[in-house]
Amino acid sequence: MAPPLPATFYARDALDVAADLLGALVTANGVTLRITEVEAYRFPGDTANHARMGRTPRNTPMWGPPGHAYVYLCYGLHRMLNFVTGPEGHPAAVLIRGGEPVDGIDVFRDRRPDGSCDGPGKVGAALALGTADSGLPLSVAGPVVVHPGPPPSTIRRGPRVGIDYAAEPDRLAPWRLADASSAQVGRMGWPRR
DNA sequence: AACACGATGGACT
DNA sequence: GTCCATCGTGTTA
């Protein structure tokens, strides 16, 4: 198998990294997903970014070097997986919003009985992630690893979802990207095809 | 110390 | 479409 994506892969603008992550393979706790949907959270000037108010205990991994996981608890229930991007001290990240299971299907089926993995909370569940995984590197053997994978033939772009608190123009910025031909993509919020 | 709320998902009308 | 579970986190006092 090809080596994991190196830290230099992540050391770029989050939007560029997001596009190149579509098709990549993320492995954790016995399941591998081919990434089908992502969202970029940029810096500076992105009022949807968790780091918009500065450094806090939760978002500390975002301020560290690229190529690390940022996992946080949402609504007290869902663990959301992000990949830290950009140089150290630049708190940007890509949220992994969907994936197709390509390995560990039996385990995946135990965690996602209906087979769907078309939302960030579902990705966290499918990979059995916890906040203890926040800050771990992605480019070396460990609990969470990312390998290159076959890119989509067509990328769909639309505004990010669940960020009504953000100011214009961030709220409408088309920084949500997906494999246009995958079924493991959230249905809501896309512009007309 | 109190409090409001969320980068959601599942159930239900 | 609506409702709401569930709790860590950040902000405010």
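Note on naming: letters A, B, ... go to the chains in the order of the sequence lines (proteins, then strands), and numbering restarts at 1 for each one.
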Show me, pair by pair, the donor-acceptor contacts under 3.5 angstrom made by side chains of residues 13-33 of chain A, not counting sequence neighbours?
{"from": "A:D13", "atom 1": "OD1", "to": "A:L15", "atom 2": "N", "distance (Å)": "2.8"}
{"from": "A:D13", "atom 1": "OD1", "to": "A:R42", "atom 2": "NE", "distance (Å)": "3.1"}
{"from": "A:D13", "atom 1": "OD1", "to": "A:R42", "atom 2": "NH2", "distance (Å)": "3.1"}
{"from": "A:D13", "atom 1": "OD2", "to": "A:R42", "atom 2": "NE", "distance (Å)": "3.4"}
{"from": "A:D13", "atom 1": "OD2", "to": "A:R42", "atom 2": "NH2", "distance (Å)": "3.1"}
{"from": "A:D20", "atom 1": "OD2", "to": "A:R12", "atom 2": "NH1", "distance (Å)": "2.9"}
{"from": "A:D20", "atom 1": "OD2", "to": "A:R12", "atom 2": "NH2", "distance (Å)": "3.1"}
{"from": "A:T27", "atom 1": "OG1", "to": "A:T32", "atom 2": "OG1", "distance (Å)": "2.8"}
{"from": "A:N29", "atom 1": "ND2", "to": "A:L127", "atom 2": "O", "distance (Å)": "2.8"}
{"from": "A:N29", "atom 1": "ND2", "to": "A:A128", "atom 2": "O", "distance (Å)": "3.1"}

Handout entry: Phosphate contact (C:dG10 OP1 or OP2) by A:T56 side-chain N/O below 4.0 Å
Key = yes
Fill in the blank from the handout: Across all chains, not counting sequence neighbours, the salt bridge (charged side-chain N to carboxylate O under 4.0 Å, His left out) partners of A:R55 are none
Validation: residues 73-84 of chain A side-chain donor-acceptor distances under 3.5 Å, sequence neighbours left out:
{"from": "A:R79", "atom 1": "NH1", "to": "A:L77", "atom 2": "O", "distance (Å)": "3.3"}
{"from": "A:N82", "atom 1": "ND2", "to": "A:Y70", "atom 2": "O", "distance (Å)": "3.2"}

Practice task
Can you tell me which residue pairs pass the salt bridge (charged side-chain N to carboxylate O under 4.0 Å, His left out) test with a partner in residues 137-166 of chain A, sequence neighbours excluded?
Solution key: A:D46-A:R160
Problem - Connected via hydrophobic side-chain network under 4.5 Å: A:Y72 and A:V144 - result: no
Completion exercise
Hits for salt bridge (charged side-chain N to carboxylate O under 4.0 Å, His left out) against A:D170, two or more places apart or cross-chain, chain-then-number order -> none
Distances for protein N/O vs nucleotides 2-4 of chain C N/O pairs under 3.5 angstrom?
none

Show the atom names and distances, to 0.1 Å, of all donor-acceptor pairs under 3.5 Å that link a side chain in residues 1-10 of chain A to residues at least two apart or in another chain.
none

Under 3.5 Å, sequence neighbours excluded: what are the donor-acceptor pairs made by side chains of residues 96-108 of chain A?
{"from": "A:R97", "atom 1": "NE", "to": "A:E37", "atom 2": "OE2", "distance (Å)": "3.0"}
{"from": "A:R97", "atom 1": "NH1", "to": "A:E39", "atom 2": "OE2", "distance (Å)": "3.4"}
{"from": "A:E100", "atom 1": "OE2", "to": "A:S182", "atom 2": "OG", "distance (Å)": "2.7"}

Problem - Counterpart residues, side chain to side chain contact (heavy atoms under 4.5 Å, CB included), relative to A:S181 (two or more places apart) - result: A:D179
Fill in the blank from the handout: So salt bridge (charged side-chain N to carboxylate O under 4.0 Å, His left out) across residues 125-141 of chain A, not counting sequence neighbours, yields none
Practice task
Summarise protein proximity over nucleotides 3-13 of chain B in one line of letters, 5' to 3': B for base, S for sugar-phosphate only, - for none, counting protein heavy atoms closer than 4.0 Å.
Solution key: ---BBBSS---
Completion exercise
Pairing string of DNA chain B (Watson-Crick or G-U wobble, both atom distances under 3.5 Å; | = paired to other strand) is ||||||.|||||.
